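Reviewing the structure listed below.
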There are 2 protein chains.
Amino acid sequence: MLQKESGGSNKAVSRGYLQGQLVARGVRMTQQRRAILQVMEGARGHLDAASILRIARHDHPDIDRVTVYRTLTLLKRHGLIDELDLLHLGGVGHYYEQRPLQQHLHVACLRCGRVVEIASPLFDKIKGQVERNLAFRVAFARVEIGGYCEKCRPETSG
Amino acid sequence: MLQKESGGSNKAVSRGYLQGQLVARGVRMTQQRRAILQVMEGARGHLDAASILRIARHDHPDIDRVTVYRTLTLLKRHGLIDELDLLHLGGVGHYYEQRPLQQHLHVACLRCGRVVEIASPLFDKIKGQVERNLAFRVAFARVEIGGYCEKCRPETSG
DNA sequence: TTAAGTGCAAATATTTTGCTGTCAC
DNA sequence: GTGACAGCAAAATATTTGCACTTAA
């Protein structure tokens, strides 16, 4: 599983946030959903569907894959999580994270697979530029950068 | 298939560019690869593996899916194409485009599925920022923005 | 000539759907 | 009580692998 560093932004969101959001929107809360939401809120890394299932089963052993996918679809539809592929470093699957208060960039090392998140004011400027130049209403934006971290860069002296 | 507008950046690359690059790197050139490379260079849109296969079969009817996947892997390994998911508007599959001379942003309308590409100097600034702040060597970067275009925006009066 | 590439078949991985029984409200 | 949800099975979709045959250099 790909690791997430720094991050922090979604730690600013209080525990039970996703559950509260769904309840506030009139979505029925089941034991299975609670287990899945807790996994997503407690996640230290970006999780794929299989990892979410595995961890959620600690709480609720009988939970099914299908329920995980359906819950992820639900959360996406409500705009509460983002779906990433993290440059496919980990294969063809997708990764999920709670939509952060402040959008951030994902910077992934192609050699060691570490994923660092950083925020940038330029990111918001780009969004503004798109809105103005294309008369486009930006709902969300995603930046994924691939390269080599200090420890892994091919030419250290470069 | 998702449409690509504007773009233009990869039209600046001469015809046969991919083929030339591979040959220059000592990669064996087969009829099947030639057919696939021509499809990618002539593409007006972002293509997924199935579309590439379908079009390549005009030239070479017996070509197999597997060969398409293997050629895409080859091109990715050489950094000659980029793999995108375009916010999964078209399902779980991936889309491919020849790596452009100037990197651009992909802006996708969540309702009509149209994908517009634009370049932004801020994009390069962000890359510079990442390189400096994280001591990171940026190999490539990808920006995907989702929202609503002028025609599709939910609140027209907003 | 021969190592690399191809096609076919089958496997694997990921996600979705149909249906029946169950549970939150 | 009832409509939304869960689990199971199976299908659908996307991609990869093993192997015998073919071909570019």
Side-chain angles (χ1 to χ4, degrees), chain A residues 1-2 18-39 46-54 56-57 59-78 81 83-96, chain B residues 1-2 18-39 46-54 56-57 59-78 81 83-96:
Chain A
M1 197 246 303
L2 299 174
L18 290 177
Q19 188 174 324
Q21 283 292 308
L22 287 181
V23 169
R25 295 164 196 225
V27 173
R28 187 175 293 184
M29 192 49 50
T30 64
Q31 292 183 27
Q32 291 89 335
R33 282 186 180 162
R34 240 188 296 276
I36 292 168
L37 299 181
Q38 278 169 17
V39 169
H46 299 99
L47 301 175
D48 59 9
S51 303
I52 293 169
L53 175 63
R54 187 166 25 74
R57 278 184 165 161
D59 272 20
H60 198 105
D62 293 333
I63 201 168
D64 194 84
R65 277 178 307 178
V66 176
T67 300
V68 171
Y69 281 111
R70 287 200 269 234
T71 302
L72 290 172
T73 301
L74 180 74
L75 290 165
K76 278 190 282 180
R77 210 167 54 228
H78 283 271
I81 60 170
E83 185 177 43
L84 311 169
D85 61 33
L86 295 179
L87 305 169
H88 307 107
L89 298 186
V92 349
H94 299 135
Y95 297 88
Y96 301 89
Chain B
M1 196 242 305
L2 299 173
L18 290 176
Q19 188 174 324
Q21 283 292 310
L22 287 181
V23 169
R25 296 165 195 225
V27 173
R28 186 177 295 187
M29 192 49 49
T30 64
Q31 293 183 27
Q32 291 90 334
R33 282 185 181 162
R34 241 188 296 274
I36 293 168
L37 299 180
Q38 279 170 17
V39 170
H46 298 101
L47 300 174
D48 59 10
S51 304
I52 294 168
L53 175 63
R54 186 166 26 76
R57 277 184 166 160
D59 273 19
H60 197 103
D62 293 334
I63 200 167
D64 194 85
R65 278 178 306 179
V66 175
T67 300
V68 172
Y69 281 112
R70 288 198 270 234
T71 302
L72 289 172
T73 301
L74 179 73
L75 289 165
K76 279 189 283 180
R77 210 167 53 229
H78 284 271
I81 61 170
E83 185 176 42
L84 311 169
D85 60 34
L86 296 179
L87 305 169
H88 306 107
L89 298 186
V92 8
H94 299 133
Y95 298 88
Y96 301 89

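Reminder, nothing fancy here: chain letters follow the sequence lines and each chain counts from 1. Since the structure is predicted, the reported quantities are computational estimates derived from the model, not experimental observations.
Residues B/Val92 and A/Val92 have side chains not in contact (no heavy-atom distance under 4.5 Å, counting atoms from C-beta outward). No side-chain heavy atom of B/Val39 sits less than 4.5 Å from a side-chain heavy atom of B/Leu53. At a threshold of 4.5 Å between non-hydrogen side-chain atoms, the residues B/Leu74 and B/Leu22 count as touching. Counting heavy atoms from C-beta outward, A/Met29 and A/Leu37 have side chains that approach closer than 4.5 Å. Side-chain atoms of A/Leu72 and A/His94, non-hydrogen and from C-beta on, never get closer than 4.5 Å to each other.
Sorted by first and then second residue, the side chain to side chain donor-acceptor pair (under 3.5 Å) pairs with a member in residues 68-77 of chain A read A/Lys76-A/Glu83; sequence neighbours excluded.
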Output a table of nitrogen or oxygen pairs between the protein and nucleotides 5-10 of chain D separated by less than 3.5 Å.
{"from": "D/dC5", "atom 1": "OP1", "to": "A/Arg33", "atom 2": "NH1", "distance (Å)": "2.9"}
{"from": "D/dC5", "atom 1": "OP1", "to": "A/Arg33", "atom 2": "NH2", "distance (Å)": "3.3"}
{"from": "D/dC5", "atom 1": "O5'", "to": "A/Arg33", "atom 2": "NH2", "distance (Å)": "3.4"}
{"from": "D/dA6", "atom 1": "OP1", "to": "A/Thr30", "atom 2": "OG1", "distance (Å)": "2.7"}
{"from": "D/dA6", "atom 1": "O3'", "to": "A/Gln32", "atom 2": "NE2", "distance (Å)": "2.5"}
{"from": "D/dG7", "atom 1": "OP1", "to": "A/Gln32", "atom 2": "NE2", "distance (Å)": "3.4"}
{"from": "D/dG7", "atom 1": "OP1", "to": "A/Asp62", "atom 2": "O", "distance (Å)": "3.1"}
{"from": "D/dG7", "atom 1": "OP2", "to": "A/Asp64", "atom 2": "N", "distance (Å)": "3.2"}
{"from": "D/dG7", "atom 1": "OP2", "to": "A/Thr67", "atom 2": "OG1", "distance (Å)": "2.6"}
{"from": "D/dG7", "atom 1": "N7", "to": "A/Arg70", "atom 2": "NH2", "distance (Å)": "2.9"}
{"from": "D/dG7", "atom 1": "O6", "to": "A/Arg70", "atom 2": "NH2", "distance (Å)": "3.0"}

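A 4.0 Å heavy-atom criterion places the boundary nucleotides of DNA chain C facing chain B at C/dA3 to C/dA9, written 5' to 3'.
Looking only at atom types and distance, the side chain of B/Gln21 has a donor-acceptor partner in the side chain of B/Arg25 under 3.5 Å away.
The C1' atoms of five pairs define one axis at each end of the helix from C/dT1-D/dA25 to C/dC25-D/dG1, and these two axes lie 40° apart (to 10°).
Judged by closest nucleotide on DNA chain D, B/Tyr96 is the one of B/Tyr96 and B/Val23 placed further toward the 5' end.
Residues satisfying the side-chain hydrogen bond (donor to acceptor under 3.5 Å, both in side chains) criterion with A/His60, sequence neighbours excluded, are absent altogether. Take B/Gln31 and apply the side-chain hydrogen bond (donor to acceptor under 3.5 Å, both in side chains) test, not counting sequence neighbours, and it matches no residue.
Between the side chain of A/Arg57 and the main chain of A/Ile63, a donor-acceptor pair closer than 3.5 Å is present.
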